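Every number for a ligand or one of its atoms is a count from 1 in the order of the listing. Not measured: the values here are computed from a predicted model.
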Amino acid sequence: MILYKQSEDIRNKLNQLKGQDKSIGFVPTMGALHEGHLSLIKQSIAEKNITVVSIFVNPTQFNDKKDFEKYPVTIEKDIELLERSGADILFLPSVHEMYPNGLQALSTYDLSQIEHVLEGHYRPGHFQGVCNIMHRLLQTITPGNLYMGQKDYQQCMIIQKLINDFKLPVKLNIVPTQREESGLAMSSRNMRLSGASKQKAAAIYNTHLFIKNNLLKLSFPQLIEKAYVFLNNAGFEKIDYIEICDAVSLKPAKEYKEEQKLVVLTAAFIEGVRLIDNMLLN
Ligand code: AMP
């Protein structure tokens, strides 16, 4: 695996590879790698791409400074995992490399209502930060294939909009969420949970399964009411949202309609750690 820290160097290398008709698969991450990240890398390799992984904890997408400061950094272990994963190139830029004009000189993206619901409501400015970094990374790497996790469902919808709006020549591949045996979605944030809380946190997955299995039996308000009870009983101290939404627009859905694709999305705190997860329902 080759490591690059400068945009210009990685751009030159990738141009050379593209000249040899190689396709580039790109997996952007914030590090603290786990099996979830590795599944994206595996899919990129399986689809015969030269696989580029980036590790960059993007300051502009954290609306809470403490959350940014607490974000786990495990770079040596990450590099070992990446070596074993078969990834070809690691891009490890500095903040200055990605934001040469400073963190205030940001672009503004018109993302419509999807920016302000769910995560966007609870983390104002988050998706502007995500678009700023993703647009810069995509312009540097110019991959043919981009791999992102369904775990961050709204993020995938936002990036698909960015790709469409700017006519970026890249295909977004959404990879299914990797889970612990308990059902808990793997996440770098799980490192901050005790063993007992990790077990309790699987209640999000079980609650989503309950909603999926009872979609036609109970009304949506009844399903959501039960979901809040399940999570409170499991020990979640605060629930930002549990919502059943249209799977494309992410507008709230009020009742079941056969032709509408639905997704349930949840964000909730356990032991002070904010977890998110989702499940496609039909
Ligand atoms: P992050 O490092 O948290 O920014 O995640 C980098 C990429 O890995 C994003 O596309 C995430 O959606 C994806 N990812 C994170 N957790 C998982 C998971 N449990 N399963 C699959 N993909 C994941």
Side-chain angles (χ1 to χ4, degrees), residues 25-47 49 51-64 67-68 70-75 77-79 81-82 85 87 90-93 95 98 118-120 123 126-138 141 143 145-163 170-193 198 201-202 204-205 208 250 263 265-267 273-280:
F26 178 41
V27 179
T29 83
M30 297 207 296
L33 301 180
H34 51 67
E35 286 295 326
H37 299 110
L38 295 181
S39 70
L40 310 189
I41 296 169
K42 264 188 213 147
Q43 188 167 327
S44 172
I45 294 173
E47 292 176 0
N49 295 290
T51 298
V52 180
V53 179
S54 65
I55 296 182
F56 182 69
V57 185
N58 175 33
T60 66
Q61 73 187 64
F62 287 84
N63 52 315
D64 176 355
D67 193 27
F68 174 59
K70 278 194 282 184
Y71 202 83
V73 175
T74 60
I75 192 66
K77 189 170 157 245
D78 290 351
I79 290 177
L81 278 174
L82 287 175
S85 75
L90 168 60
F91 184 43
L92 191 63
V95 171
M98 294 317 297
L118 304 162
E119 285 304 280
R123 303 181 69 185
H126 170 66
F127 288 120
Q128 289 295 329
V130 168
C131 284
N132 267 275
I133 191 60
M134 281 302 297
H135 202 179
R136 286 159 201 239
L137 286 169
L138 288 171
I141 312 287
N145 279 302
L146 170 65
Y147 296 87
M148 300 186 79
Q150 190 198 317
K151 159 92 180 0
D152 298 281
Y153 190 87
Q154 190 175 5
Q155 174 169 273
C156 290
M157 298 299 116
I158 296 260
I159 297 306
Q160 187 60 67
K161 180 162 171 45
L162 178 78
I163 291 171
V170 55
K171 176 175 177 242
L172 172 62
N173 301 277
I174 301 178
V175 181
T177 304
Q178 300 297 303
R179 300 180 179 282
E180 306 286 351
E181 239 171 75
S182 64
L184 172 64
M186 290 180 180
S187 164
S188 307
R189 289 166 197 265
N190 295 353
M191 283 182 198
R192 282 161 47 199
L193 292 176
K198 269 192 201 155
I204 299 185
Y205 176 69
H208 288 172
L250 291 183
V263 61
L265 306 104
T266 294
V273 180
R274 188 171 184 278
L275 301 178
I276 62 167
D277 198 358
N278 66 80
M279 187 180 283
L280 290 164

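Proximity to Met186 (heavy-atom distance under 4.0 Å) selects the following atoms of ligand 1: 16 (N), 17 (C), 18 (C), 19 (N). Residue Asp152 approaches ligand 1 through these ligand atoms, each under 4.0 Å from one of its heavy atoms: 11 (C), 12 (O). Heavy-atom contacts of Met148 reach the following atoms of ligand 1: 10 (O) (cutoff under 4.0 Å). Annotation for ligand 1: atoms under 4.0 Å from non-hydrogen atoms of Leu40 are 7 (C), 8 (O), 10 (O), 13 (C), 22 (N).
Taken to the nearest 0.5 Å, the CD atom of Gln150 stands 11.0 Å off from the CD atom of Gln178. To the nearest 0.5 angstrom, Glu180 atom CD is 9.0 Å from Glu35 atom CD.
Side-chain atoms of Thr266 never come within 3.5 Å of backbone atoms of Ile276 as a donor-acceptor pair (strictly under, hydrogens ignored). Of the possible polar contacts, none joining the Asp78 side chain to the Met30 backbone as a donor-acceptor pair under 3.5 Å is found. Put simply, the side chain of His37 gets close to the backbone of His34: a donor and an acceptor are under 3.5 Å apart. A donor-acceptor contact shorter than 3.5 Å is absent between the side chain of Ser44 and the backbone of Thr51. Formation of a donor-acceptor pair under 3.5 Å by the Asp277 side chain with backbone atoms of Leu184 is not found in this model.
Annotation: Val175 places no N or O atom under 3.5 Å from an N or O atom of ligand 1; distance criterion only. No N or O atom of Thr177 sits closer than 3.5 Å to an N or O atom of ligand 1. In terms of N/O distances under 3.5 Å, ligand 1 is approached by Met30. On a distance-only criterion, Ser187 and ligand 1 share no N/O pair closer than 3.5 Å.
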message = Applying side-chain hydrogen bond (donor to acceptor under 3.5 Å, both in side chains) to Asn58 and Thr60, what does each step give before you reach the verdict?
response = CA-CA 6 Å; Asn58 175 33; Thr60 66; 3.1 Å; yes

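Residue contact annotation: Arg179 has no non-hydrogen atom under 4.0 Å from ligand 1. At least one heavy atom of Pro176 sits under 4.0 Å from some atom of ligand 1.
If you check each of Pro28, Gly36, Ser39 against atom 23 (C) of ligand 1, the one with the closest non-hydrogen atom is Gly36. Compare Arg189, Glu35, His37 by their heavy atoms: the one nearest to atom 8 (O) of ligand 1 is in His37.
By the 30° and 60° cut-offs, the orientation of the rings of Phe62 relative to Phe68 is tilted.
The closest protein non-hydrogen atom to atom 15 (C) of ligand 1 is His34 CE1, 4.0 Å. Here the protein heavy atom with the shortest distance to atom 22 (N) of ligand 1 is Gly149 CA, 3.6 Å. Of all protein heavy atoms, the one closest to atom 3 (O) of ligand 1 is Tyr71 OH, 3.8 Å. In terms of protein heavy-atom proximity, atom 20 (N) of ligand 1 is closest to Gln178 N, 2.9 Å.
At a threshold of 4.0 Å, the pair Lys70-Asp64 does not count as salt-bridged, since none of the basic side-chain nitrogens sits closer than that to a carboxylate oxygen.
At a threshold of 4.5 Å between non-hydrogen side-chain atoms, the residues Val130 and Asp152 do not count as touching.
If you look at Cys156 next to ligand 1, there are no close heavy atoms at all, none under 4.0 Å.
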